Amino acid sequence: MTDSSSFFNPEISINSGQMFQWHKINDSWYGVYGDHILKFSFRKSSSYSECHSPEYGDFEFYSYPELEKWESRLFRLDDDIEKILSGFSHDALVSEAIREYPGLRLLRQEPHQCMFSFVCANNTSITMIRRMLSNLSRKFGSKVIYDGKEFFTFPTANTLHRATLSEICTCGPGYRSTSIKALAKSLVREELDVKHLMRLSYEHAKEHLMEIHGIGNKIADCILLFSLEKLEAFPIDIWITRALFNYYGWLNQNKDNETIRYNRDKITPKQYTQISETIRRYFGKYAGYAQQFLFYHMREEVGREW
DNA sequence: GTACAGGCAGTAT
DNA sequence: ATACTGCCTGTA
């Protein structure tokens with residue numbers, strides 16, 4: 001743990017926009033992970049924030065019901081982070097972001113929860129996404145009392161499948177409600193199966209996901225990256241589009257040497273595919289990690305200028 | 001009032 | 001095949 005890139009900061013990782021159902025109560029963070037409630041706290045005796053960046057030992061991890069070593073799973077501590085990040089040394093912007101945000105990690109989410117979460121994330125704000133998911137958990141999840149506080153687990157695909165469209169609508173997803181129903185149906189019928197998707201290649205898994213109503217290029221890439229172990233997935237949302245437009249001008253040429261034109265906010269599905277291929281070749285099989293740092297950099301440093 | 005928020009599907013070309 | 005357009009809903 002000598003390289004600054006190996007520091008581990010769960011707080012910044014949780015707050016980097018991948019995760020929607022976490023919040024801080026007093027000095028602890030609580031989150032919903034499928035049917036488990038997770039919690040971590042700063043170890044009081046640690047010198048974190050005094051003179052060094054946080055490390056693994058500065059935190060204590062809890063869960064209910066007990067989930068063995070969940071922190072290793074969620075924060076991907078099993079990845080060789082130094083090796084992965086050193087693979088981006090040819091890129092100045094990502095390298096800068098890695099130095100700027102030591103301890104930022106890609107998170108490994110619970111797959112079903114991840115799928116529903118990003119279906120809800122279609123064309124809306126983080127605040128609204130959090131509200132929808134909270135409402136869905138409250139209405140269709142199970143109540144759990146932990147640390148004397150009330151939590152609700154994430155609803156199962158079965159429950160959401162049995163729920164009526166209007167019941168789901170009362171949780172606030174609007175037109176995304178039909179997408180939630182479509183996803184629940186595919187999962188219950190096992191037309192969409194997590195273990196199967198994990199075994200498939202990135203491309204084939206993505207094809208399957210995109211057959212679901214409400215899952216397009218971007219949402220499929222989020223699901224693949226955050227829950228299906230496809231670390232080459234590189235979700236291109238509006239922030240990443242802006243980053244690519246502003247800092248990666250060379251991307252604007254396709255293989256026929258034609259200039260790809262797009263205004264800085266929108267890309268077409270064809271452009272998405274083209275840019276995705278190029279950027280994955282450029283960043284390699286862990287492109288998703290690069291995306292994570294780019295995304296966070298854009299939100300933190302450039303966000304207020306837009 | 002209306003523009004916008006971490007895209008998408010349906011329809012028109 | 002590719003481009004254009006409307007969309008739930010709450011907030012600024």
Side-chain angles (χ1 to χ4, degrees), chain A residues 13-22 97 104 106-107 109 113-136 139 163-183 185-186 206-227 233-246 254 256 258-276 279 287-288 290-306:
Chain A
S13 303
I14 290 290
N15 270 330
S16 64
Q18 326 164 45
M19 202 65 90
F20 304 109
Q21 293 183 270
W22 283 76
L104 175 61
L106 192 62
L107 301 177
Q109 304 191 26
Q113 182 176 5
C114 183
M115 292 177 184
F116 286 108
S117 297
F118 283 94
V119 161
C120 287
N122 181 334
N123 191 27
T124 191
S125 63
I126 303 239
T127 310
M128 294 295 289
I129 301 166
R130 292 171 66 92
R131 183 178 309 167
M132 289 175 214
L133 295 173
S134 165
N135 289 342
L136 286 169
K139 190 172 177 69
T164 66
L165 193 61
S166 55
E167 282 177 320
I168 290 176
C169 273
T170 63
C171 298
Y175 62 84
R176 300 164 196 80
S177 299
T178 54
S179 308
I180 293 170
K181 289 292 291 174
L183 175 58
K185 188 175 178 179
S186 303
K206 185 166 179 177
E207 277 177 29
H208 275 271
L209 284 171
M210 288 180 65
E211 287 169 8
I212 309 300
H213 177 95
I215 300 183
N217 264 307
K218 187 266 177 180
I219 290 172
D221 275 333
C222 287
I223 294 167
L224 291 163
L225 177 62
F226 298 136
S227 72
F234 189 94
I236 304 172
D237 59 25
I238 189 165
W239 295 100
I240 295 294
T241 304
R242 289 164 179 168
L244 298 180
F245 183 84
N246 284 288
N254 65 18
D256 300 324
E258 297 169 297
T259 298
I260 300 173
R261 290 193 207 172
Y262 54 105
N263 66 41
R264 74 173 204 228
D265 283 20
K266 302 278 184 190
I267 56 173
T268 67
K270 186 190 176 182
Q271 289 171 335
Y272 191 109
T273 305
Q274 222 163 58
I275 295 168
S276 174
I279 205 80
Q291 193 270 5
Q292 193 58 35
F293 282 92
L294 264 187
F295 178 80
Y296 194 74
H297 173 79
M298 292 302 290
R299 291 299 305 261
E300 289 298 303
E301 301 301 314
V302 192
R304 69 184 82 122
E305 295 172 21
W306 257 281

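Lettering of chains follows the sequences in order, A, B, ..., and the numbering in each one begins at 1. Please read these numbers as outputs of a predicted model, since none were measured by experiment.
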With [atom1] as the reference atom in both, quote the distance from [N] to [M] in angstrom, rounded to an integer.
N	M	atom1	value
C:dC7	B:dG1	P	16 Å
C:dC8	B:dG10	P	12 Å
C:dG6	B:dT2	C1'	15 Å
C:dA3	B:dA5	C1'	23 Å

Inset, instruction - Check whether the side chains of A:Q292 and A:S16 place a donor and an acceptor atom closer than 3.5 Å, and report yes or no. - result: yes
So [Y] and [X], do their side chains get closer than 4.5 Å, heavy atoms only?
X	Y	value
A:C120	A:L136	yes
A:L225	A:F234	no
A:L183	A:I180	no

I need the [atom1]-[atom2] distance between [X] and [N], as an integer number of Å.
X	N	atom1	atom2	answer
A:N217	B:dC8	CG	P	7 Å
A:I129	B:dC4	CD1	C1'	14 Å
A:N123	B:dC8	CG	P	10 Å
A:L133	C:dT9	CG	P	16 Å
A:F118	B:dC8	CZ	C1'	16 Å
A:I219	B:dA5	CD1	P	16 Å
A:Y175	B:dG7	OH	C1'	7 Å
A:I126	B:dC4	CD1	P	18 Å

Gap between atom [atom2] of [Y] and atom [atom1] of [X] - 0.5 Å precision:
X	Y	atom1	atom2	value
A:N122	A:I215	CG	CD1	10.5 Å
A:N15	A:L104	CG	CG	10.5 Å
A:T241	A:Y272	OG1	OH	8.5 Å
A:I240	A:I279	CD1	CD1	8.5 Å
A:Q113	A:F118	CD	CZ	10.5 Å

Inset, instruction - Would you please name every residue forming a side chain to side chain donor-acceptor pair (under 3.5 Å) with A:T164, sequence neighbours left out? - result: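 By the side chain to side chain donor-acceptor pair (under 3.5 Å) rule, A:T164 matches A:S166, A:E167.
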Inset, instruction - Check side chain to side chain donor-acceptor pair (under 3.5 Å) between A:K206 and all other residues, then give those that pass, not counting sequence neighbours. - result: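 Partners of A:K206 by the side chain to side chain donor-acceptor pair (under 3.5 Å) criterion, ordered by chain and then number, come out as A:Y202, A:N217, A:D221.
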Inset, instruction - Return one dot-bracket line describing DNA chain C 5' to 3' (Watson-Crick or G-U wobble pairs, both distances under 3.5 Å; ( ) same strand, [ ] crossing, | another strand, . none). - result: |||||||.||||
Using a cut-off of under 3.5 Å, enumerate the N/O to N/O pairs linking the protein to nucleotides 9-13 of chain B.
from  : atom 1 : to     : atom 2 : distance (Å)
B:dA9 : OP1    : A:G214 : N      : 3.0

For nucleotides 10-12 of chain C, tabulate all protein N/O to nucleotide N/O atom pairs closer than 3.5 Å, reporting atom names and distance.
from   : atom 1 : to     : atom 2 : distance (Å)
C:dG10 : O3'    : A:R131 : NH1    : 3.2
C:dT11 : OP1    : A:R131 : NH2    : 3.3

Inset, instruction - Please confirm whether the backbone N or O of A:C114 pairs with a side-chain atom of A:Q109, one donor and one acceptor, at under 3.5 Å? - result: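 No, the answer is negative, given that no donor and acceptor are paired below the 3.5 Å cut-off.
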Inset, instruction - Output yes when a side-chain donor or acceptor of A:R176 lies under 3.5 Å from a complementary backbone atom of A:P173, and no otherwise. - result: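 At least one qualifying donor-acceptor pair exists.
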Listed pairs, N/O of protein and of nucleotides 4-6 of chain C, under 3.5 Å:
none

Inset, instruction - Could you check whether A:K218 gets within reach of a base, just the sugar-phosphate, or nothing at all, counting any heavy atom under 4.0 Å? - result: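 If one applies the 4.0 Å heavy-atom cut-off, A:K218 turns out to touch a base.
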Inset, instruction - May I ask you to say what A:C222 touches in the nucleic acid, namely base, sugar-phosphate or nothing, with a heavy-atom cut-off under 4.0 Å? - result: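 Base contact - A:C222 has a heavy atom under 4.0 Å of at least one base atom.
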Legend entry - Heavy-atom donor-acceptor pair, A:Y272 side-chain to B:dG7 base, under 3.5 Å: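 Side chain to base: no pair present.
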Legend entry - Heavy-atom pair of closest approach, residues A:I236 and A:K218: O-CG, 3.6 Å
Inset, instruction - Grab the two heavy atoms, one from A:Q21 and one from A:S134, that are nearest each other, plus how far apart they are. - result: NE2-N, 4.2 Å
Inset, instruction - Select one nucleotide: of C:dT2, B:dC8, B:dA5, the one nearest the side-chain heavy atoms of A:K270. - result: C:dT2
